[in-house]
There are 2 protein chains.
Amino acid sequence: METERLLTPGEVALMFRVDPKTVTRWASAGRIGSIRTPGGHRRFRESEVSALLADLTIPASQSTA
Amino acid sequence: METERLLTPGEVALMFRVDPKTVTRWASAGRIGSIRTPGGHRRFRESEVSALLADLTIPASQSTA
DNA sequence: GAACAATCGGGTAATTAGGGAG
DNA sequence: GCTGTCCTAATTACCCGATTGT
């Protein structure tokens, strides 16, 4: 089995440079998949977060011509 | 975990001494790389911004010779 | 059981996005 | 062509006290 690395809201917040509450809001809005602990805290799949971050990343168009 | 430092439009605007709107236009024009949050807000790589800022900073030719 | 940091939930200000006219 | 300002709507950030995780 492959051990999927899980990230906390704080970790994801650091990656996107947003508030942990914002990450929670994304999960509530269904913009990102989340896993809840028995206590109600959210965890996020590292692969999904990385993919989302990469997908939303727009490189600069080099126009040094 | 290696986390790339990201900057908000407002922070970049302060660095360049321009309006945040102008920074947004640079991103739209592809003149600077950008990362969008799932909510649509932009974030910028600190390293890229610094490099661009340094590139625009033309040091007065040292005429010490 | 106790302590600490982080996350939970809800509510309110600040920032940002997008279009338009100067 | 580029930038700063005005507008409205959406998103995000910080406030609180209570619960969860380590």
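Chain letters run A, B, ... following the sequence lines, proteins first, then strands; residues in each count from 1.
Going from atom NE2 of His41(A) over to atom P of dA18(D) covers 15 Å, rounded to whole Å. Counting to the nearest Å, the C1' atom of dT16(C) and the CG atom of Leu56(A) are 16 Å from each other. For the pair Asp19(A) CG and dG10(C) P, the interatomic distance rounds to 16 Å; values are reported in whole Å. Rounded to a whole Å, the CG atom of Leu6(A) is 14 Å from the P atom of dG21(D). Between Met15(A) atom CE and dT12(D) atom P there is a gap of 16 Å when expressed in whole angstrom units. The distance from atom CD1 of Ile35(A) to atom P of dT7(C) is 16 Å, rounded to the nearest whole Å. Per the geometry, CZ belonging to Arg43(A) stands 8 Å off C1' belonging to dT7(C), to the nearest Å.
Atom OG in Ser34(A) sits 12.5 Å away from atom CG in Leu7(A) (nearest 0.5 Å). Separation of atoms CD1 (Ile35(B)) and CZ (Arg45(B)) is listed at 4.0 Å; rounding is to 0.5 Å.
Checking dG10(C), dT3(D), dG19(C) against the side-chain heavy atoms of Lys21(A) singles out dG10(C) as nearest. Checking dT11(D), dT3(D), dT20(D) against every side-chain atom of Thr22(B), the shortest atom distance belongs to dT3(D). Side-chain proximity of Pro9(A) to dA17(C), dT7(C), dG9(C): nearest is dT7(C). Of the candidate nucleotides dG4(D), dC8(C), dT12(D), dT12(D) has the atom lying nearest to any side-chain atom of Val18(A).
Side-chain atoms of Phe16(B) and Thr22(B), non-hydrogen and from C-beta on, never get closer than 4.5 Å to each other.
Judged by closest nucleotide on DNA chain D, Arg17(B) is the one of Pro38(A) and Arg17(B) placed further toward the 5' end.
When the side-chain nitrogen and oxygen atoms of Arg42(A) are compared with OP1 and OP2 of dT7(C), none of them lie within a distance under 4.0 Å. Using a 4.0 Å cut-off, some side-chain N or O of Arg31(B) falls inside it from OP1 or OP2 of dC2(D). Neither OP1 nor OP2 of dT7(C) sits under 4.0 Å from any side-chain N or O of Thr24(A). Regarding contacts with the backbone of dC8(C), every side-chain N or O of Arg36(A) stays at 4.0 angstrom or more from both OP1 and OP2. Contact annotation: Thr37(A) reaches the phosphate of dG21(D) (side-chain N/O to OP1 or OP2, under 4.0 Å). Distances shown here put every side-chain N or O of Trp26(A) at or beyond 4.0 Å from the OP1 or OP2 atom of dT11(D).
Base contact: Arg25(A) has a heavy atom under 4.0 Å from a base atom.
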Name every donor-acceptor pair, under 3.5 Å, that has one atom in a side chain of residues 51-58 of chain A and the other anywhere in the protein, sequence neighbours excluded.
{"unit_1": "Thr57(A)", "atom_1": "OG1", "unit_2": "Leu53(A)", "atom_2": "O", "d": "2.6"}

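Without hydrogens or angle criteria, Arg17(A) side chain to Leu6(B) main chain gives a donor-acceptor distance under 3.5 Å.
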